[in-house]
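Written out below as C-alpha cells is the structure these notes cover.
Heads up: numbering here begins at 1 and tracks the sequence. Remember, it's 1-based here, ligands and their atoms both numbered in the order they're listed.
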Amino acid sequence: MNVLLLGNGGREHAFAWKISGSPLCSRLYIAPGNAGTASCGENVPISPEDFPALKAFCLEHSIGFVVVGPEAPLVKGIYDYFAGDPELRDIPFLGPSREGAQLEGSKAYAKAFMREFDIPTAAYREFPTKQLPEGPSYLASQAPPYVLKADGLAAGKGVVICQTLEEAQLELKAMLGGKFGQASARVVIEQFLSGIEFSVFILTDGKSWVLLPEAKDYKRIGEGDTGPNTGGMGAVSPVPFADEAMMEKVRKQIIEPTIRGIQQRKISYHGFIFFGLIVVGGAPFVIEYNCRMGDPETEVVFPRLRSDLLELLFAVPSGRLPEMTLDVDPRFAATVFLVSGGYPEAYEKGKPIDGLSLVENSIPFHAGTTREGEQVLTNGGRVLALTSFGDSIEEAVRTSLKNAERVSFDGKYYRRDIGFDLVISD
Ligand code: AMP
Ligand code: GLY
C-alpha cells in the first residue's frame with residue numbers, strides 16, 4: 001500500500017523508519033518530513049494542516065493509508081475532514097476525531113472527562129475569562145506551588161508552576177489576558193502533585209486496545225532536571241518502576257475507564273492515546289492526555305518493537321486490532337537529543353551538521369534537520385535524537401553519549417544525565 005505520514009519531527013522519522021521496513025509498504029510519502037525521513041521515503045512539501053492540499057495529494061498518489069504524527073492537525077479536525085469527504089472517506093486513516101483529540105486540545109475537556117469517568121488526576125477548577133475576579137480568592141484558598149494550565153494547545157508552554165501566591169495571581173491575569181492567545185482564554189488551576197512521571201501509550205480503535213512499551217521522558221533543558229521545559233531532551237524505555245503491579249493499576253484505574261468513557265461518549269477514536277502519568281505514593285495519576293505518540297518517547301518505543309509496525313497500525317482501520325499481539329525487545333533503549341544552542345528560547349538555524357557517518361551502534365533520528373545538496377543543516381530547536389540499546393540503562397545511554405560527541409554542529413547541546421535517576425533501580 002501507499003502510505004502518507006504527516007509530520008516532521010524525530011517521532012515521524014521513527015514512524016517512517018519502521019513503516020519503510022515493512023513488506024506491506026509500497027511507497028511512503030512524508031508531509032513535510034525532514035532530512036532523516038527523506039532516506040525512508042519521499043518528502044512532500046505540504047503542511048499537515050493544509051487539508052485541501054493533502055486531499056489532492058492522496059487522490060493523485062493512490063494513498064491507501066494516512067498516518068498522523070502530530071496533534072495540531074488532529075485537534076483541527078483532520079479525521080472529520082477525511083471522514084466527511086465522499087472522495088476521501090474510504091481511505092484508511094489513523095488518528096482520532098476532533099472530539100477525541102480534545103483530550104489533548106482542551107485541558108478543561110480532559111479534566112471534565114476524567115472527573116466523569118473516575119480517572120485519578122489532580123483536583124482542579126476551571127476559570128473562563130469572565131470569572132477572572134474570582135481567581136485571586138480561589139488561588140489564596142490553595143496551597144503553593146500553584147499549577148496554572150492554558151486550556152488549549154500552547155506549543156508545550158501552556159503549563160506554568162508558580163511558587164508564590166503573588167506570582168500565581170499575576171500569571172492567571174496574564175493568561176486570561178491572552179498570554180497564549182485563545183489557548184489561555186480559559187485556564188485550569190490544579191493541585192500540585194509531587195512524584196515521578198512516566199509515559200504510557202496505547203493504540204486503540206475505540207473499543208479494543210494494545211499496550212505499547214512505556215517510557216520516561218526528560219523534559220527540562222538542564223541536567224538534574226533544572227531550567228525551563230522543552231519538548232523533551234531524551235527518553236528511556238522500559239521504565240524499571242513501571243513493574244507489573246504498577247501497570248495493573250494503570251490498566252484498571254486509567255486505561256480501562258478511559259476506553260469506557262470514549263465508548264459512552266460515542267467518540268470516534270482510531271489512534272494513539274498517550275497517558276502522561278505521575279506516581280504519587282505508589283498510585284498513578286493522569287497529568288495529561290495526548291492524542292498522539294510522544295516525542296522523544298517514540299524514538300525509544302518503536303525501536304523496541306520487533307513486530308511489523310505498519311501491520312499493527314493498519315489493524316486499527318481494518319478492524320483487526322483485537323487479533324494483534326506485540327513482540328517487544330526486552331533490552332533497554334535510550335535516546336539523547338542534540339539541540340540547538342539557546343533552545344528552548346531563541347536559537348539559530350542553518351548550521352551544518354557533521355559527523356553523521358561516524359555514528360556507530362546508535363540510530364540517528366532526525367528532528368529539526370533539512371538537506372541542502374549533500375549537506376545536512378539544523379532546522380529547529382531539537383535537532384537529532386540518538387537512540388541506542390543496552391542490557392542496562394547506563395549501557396544504552398553511554399552508547400548514545402559516545403555518538404553525541406561524534407556529531408557536531410555549531411551550538412550543539414545535550415544532557416549527559418538521561419536515565420541516571422533510574423539507574424539505582426535498574
Ligand atoms: P503538561 O503540558 O500537562 O504535560 O505539563 C507539563 C509538565 O508540568 C508536566 O510534565 C509536569 O512535570 C508538570 N505538571 C503538570 N501538571 C502538574 C501537577 N498537577 N502537579 C505537578 N506538576 C505538574
Ligand atoms: N514528550 C512529551 C510529548 O511528546 O508531549
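Pocket lining of ligand 1, defined as residues with a non-hydrogen atom under 4.0 Å away: K107, A122, V147, K149, V159, I161, E190, Q191, F192, L193, E197, K219, I287, E288. Sorted by chain and number, the heavy-atom contacts of ligand 2 below 4.0 Å come from D217, G231, F274, R292, G294, D295, P296, E297.
Using a 4.0 Å cut-off between charged side-chain N and carboxylate O, E244 and R251 make a salt bridge. With respect to E311 and R320, a salt bridge is recorded, a charged nitrogen being found less than 4.0 Å from a carboxylate O. Ion pairing between a basic and an acidic side chain is recognised when a charged N comes within 4.0 Å of a carboxylate O; D225 and R415 show such pairing.
Between F127 and Y138, the ring planes are tilted. Angles from 30° to 60° get that label.
Between the side chain of T204 and the backbone N or O of F272, no donor-acceptor pair lies under 3.5 Å.
For the pair K349 and Y347, the NZ or CZ position fails the cation-pi test of under 6.0 Å to the six-membered ring centre and within 45 degrees of the ring normal. For the pair K107 and Y289, the cation-pi criterion (under 6.0 Å, within 45° of the ring axis) is not fulfilled.
Residues passing the ring pair (Phe, Tyr, Trp, His ring centres under 6.0 Å) test with Y124, sequence neighbours excluded: none.
Within the structure, salt bridge (Lys or Arg N to Asp or Glu O under 4.0 Å) contacts touching residues 92-106 (residues at least two apart or in different chains) are E104-R292.
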